[in-house]
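Below is one structure, written out as structure tokens; comments come after it.
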Amino acid sequence: LFLHNKLIEMYGKCGSAHHALEIFHSMSHKNSFTWDMTLFACSRNGHLDDAQRIFQAMPRHNVASCTAMLAAYAHNGHILEAKDVFDSIQQPDLAACNAMLAAYAQNGHAELASAHFRHMAQWDVVSWTTVLSAVAQEGHVIAAREIFDDMPCRNLVSWTAMMNAYGSTGQMERAKSMFDDMALRDLVTWTAMVAAYARDGHPDAAKQIFSQMPEWNMVSWSALLNAYSQSGATEYAKTLFEEMPQHNLVTWTALLCVYSQSWHLDEAREIFQKMPERDQVSWNAMLAAFSQNGSIRESQSCFDSMPQHNPISWSSLLSAYAQSGHPEESKRIFESMPQRSPSSWISMVVAYAQAGHIDHAQHMFDAMPQRD
RNA sequence: CUCGGUAGAAGCAG
């Protein structure tokens, strides 16, 4: 029993919710620690439905299990359910309040987040860092810096969040300067720097940071792979993929995109078939490959085969038709989309313009709910 | 008293 609990805990920490669940189900006697650790394993690894089942089947809820469930809902964008769980906590502690704060912040509810923040009885470095990265993600890097400077205390995570605020907005000199000033760096810090150089189009700098890292994991490997992929260094990307100690959904999908970007549609398709598993992102990547290569028939059949559609899938399908001058089909898709974004409207303008229907294009343009 | 739950890093359309 004790041993099994430890095993569940370990599987949860190293990202294998599946194995944790296996052990869980094989156990005939479970204590509250068993339930908690299984829930955390599911929550941490994004298995919302499993987390939900465990949570509902638990004999007793405590603050910790509610906090984990709350976070699982929040990470999947289910803010109302997160709030319900929060409200069900009899005496929320600081961690629970922080989780609710993060739930608002990560889902773009800046007003609710700041109201929640103001009503909290106390704050710790986690609360402040949550606000810092929320503000940074809204694009307010200067405001984020002010928070960083005014925080009562800072730790490695706060420093990394601030560094990443610079790095993700292309302010590489500031990011690098913070990176150099940091006395402590962990895997996340190093990887954030690699990813920042990748986005900024400097695969050489990314590689240099990567080589200096004391250790690597899947995330750091894929950050470097992405640096090569983004910059069109196709051969480096392929070689790196071969050299990686392990592959996962992210690296397989990144490789698929390498082929797709270099117009090797057949190889992209082959990679897709070879992948041991597929998720929404990899399906979307395959669809985008067909769409960008102007292959309408394959785009449509890929779309039809997908287990789920999200706004990105719809967007790819629509632009496949739009860019190849099929205004009627585009219109049909546009109207059957569950949600339309400004880019859906732009696609329709493109569809009509491509087909030479300037009047229709103008009409769509005028009808757009928002323009920038 | 210790441990567990909350904040920072990688892949998809426009």
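All values below were derived from every heavy atom in this structure, side-chain atoms included, with hydrogens, water molecules and symmetry-related copies excluded. A note on names: the letters A, B, ... follow the listed sequences, proteins ahead of strands, and every chain is numbered from 1.
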Looking at B/rA7, I'd like to know if its phosphate oxygens (OP1 or OP2) sit under 4.0 Å from a side-chain N or O belonging to A/Asn98.
no

Rounding to a whole Å, what distance do you find between A/His247:NE2 and B/rA10:P?
20 Å

Find the distance A/Met286:CE to B/rC12:P and express it as a whole number of Å.
14 Å

Just checking A/Asn310: base, sugar-phosphate only, or nothing, at a heavy-atom cut-off of under 4.0 Å?
nothing

Taking atom types as they are modelled, is there a donor-acceptor pair under 3.5 Å from the base of B/rG11 to the side chain of A/Asn248?
no

Atom CD of A/Glu9 and atom C1' of B/rG5 are separated, to the nearest Å, by 12 Å

Within the 4.0 Å heavy-atom criterion, would you say A/Leu249 contacts the bases, only the backbone, or no part of the nucleic acid?
base

Regarding A/Ser291, tell me which of base, sugar-phosphate or nothing describes its non-hydrogen contacts under 4.0 Å with the strands shown.
nothing

Return yes when atom CD of A/Glu22 has more than 12 non-hydrogen atoms of other residues, nucleotides or ligands closer than 6.0 Å, and no otherwise.
yes

Just to be sure I understand the rule, does A/Ser315 reach a base, reach only the sugar-phosphate, or reach nothing, if contact means heavy atoms closer than 4.0 Å?
base

Within less than 4.0 Å of OP1 or OP2 of B/rA9, is there a side-chain N or O belonging to A/Arg185?
no

Scan A/Met37 against the nucleic acid and name what it touches under 4.0 Å (heavy atoms): base, sugar-phosphate only, or nothing.
sugar-phosphate

Answer yes when A/Lys207 and A/Asp204 have at least one side-chain N-carboxylate O distance shorter than 4.0 Å, and no when they do not.
no

If you only use heavy atoms from C-beta on, which nucleotide in B/rG5, B/rU6, B/rA10 is closest to the side chain of A/Asn226?
B/rA10

Do A/Thr189 and A/Met182 come close enough that some side-chain heavy atom pair is under 4.5 Å?
yes

Measure the distance from NZ on A/Lys6 to C1' on B/rG4 and round it to the nearest whole Å.
9 Å

Would you mind classifying the nucleic acid contact of A/His75 as base, sugar-phosphate or nothing, using non-hydrogen atoms under 4.0 angstrom?
sugar-phosphate

Is the ring centre of A/Trp283 less than 6.0 Å from the ring centre of A/Phe303?
no

Quick one: are A/Phe179 and A/Met172 in side-chain contact, heavy atoms under 4.5 Å?
no

For A/Ile312 and B/rG14, give me the distance from atom CD1 to atom P, rounded to whole Å.
10 Å

When all nucleic acid strands are considered with a 4.0 Å heavy-atom cut-off, which category describes A/Asn155: base, sugar-phosphate, or nothing?
base

Round to the nearest Å and state the distance from A/Phe2 atom CZ to B/rG4 atom P.
13 Å

For atom CE of A/Met348 and atom P of B/rG14, their distance in whole Å
16 Å

Closest nucleotide among B/rA13, B/rU6, B/rG8 to the A/Ser319 side chain
B/rA13

Could you tell me whether A/Ala285 contacts a base, only the sugar-phosphate backbone, or nothing, with contacts defined as non-hydrogen atoms closer than 4.0 Å?
sugar-phosphate

At less than 4.0 Å, is any side-chain N or O atom of A/His116 found next to OP1 or OP2 of B/rU6? Yes or no.
no

For A/Val194, which contact category applies under a 4.0 Å heavy-atom criterion: base, sugar-phosphate, or nothing?
nothing

In whole angstrom, what separates A/Tyr259's OH from B/rG11's P?
19 Å

Checking B/rG8, B/rA9, B/rC12 against the side chain of A/Ser133 (C-beta onward), the nearest is B/rG8

Classify the nucleic acid contact of A/Arg340 as base, sugar-phosphate or nothing, counting any heavy atom under 4.0 Å across all strands shown.
nothing

Can you find an N or O donor on one side and an acceptor on the other, under 3.5 Å apart, linking the side chain of A/Asn62 with the base of B/rG5?
no

Sugar-phosphate only, base, or nothing, as touched by A/Ala64 at under 4.0 Å among non-hydrogen atoms
base

Given B/rG11, B/rU6, B/rG8, which nucleotide is nearest the side-chain atoms of A/Arg44?
B/rU6

Strictly below 4.0 Å: does A/Gln280 bring a side-chain N or O up to OP1 or OP2 of B/rC12?
no

Would you mind telling me which of B/rU6, B/rA7, B/rA9 lies closest to the side-chain atoms of A/Thr67?
B/rU6

With sugar-phosphate meaning primed atoms plus P, OP1 and OP2, does A/Asn5 contact a base, only sugar-phosphate, or nothing at under 4.0 Å between heavy atoms?
nothing

Is there a side-chain contact between A/Gln106 and A/Thr130 (heavy atoms, below 4.5 Å)?
no

Describe the nucleic acid contact of A/Ser316 in one word from base, sugar-phosphate, nothing, applying a heavy-atom distance below 4.0 Å.
sugar-phosphate

Above 12 or not: heavy atoms from other molecules or residues under 6.0 Å from NZ of A/Lys331?
no

Return the nearest nucleotide to the side chain of A/Thr160; candidates are B/rG8, B/rU6, B/rG11.
B/rG8

Quiz item: A/Thr130 side-chain donor-acceptor pair to B/rA7 base, under 3.5 Å:
no

Less than 6.0 angstrom separating the ring centers of A/Trp35 and A/Phe55, yes or no?
no

Closest to the side chain of A/Gln292, out of B/rG5, B/rG11, B/rA13, is B/rA13

Minimum-distance nucleotide to A/Ala99 side chain [options: B/rA7, B/rU6, B/rA9]:
B/rU6

Any base atoms under 4.0 Å from A/Asn164, or only sugar-phosphate, or nothing? Heavy atoms, all strands.
sugar-phosphate

Of all the choices, B/rA7, B/rG11, B/rA9, which nucleotide is nearest to the side chain of A/Thr191 once you look at every atom?
B/rA9

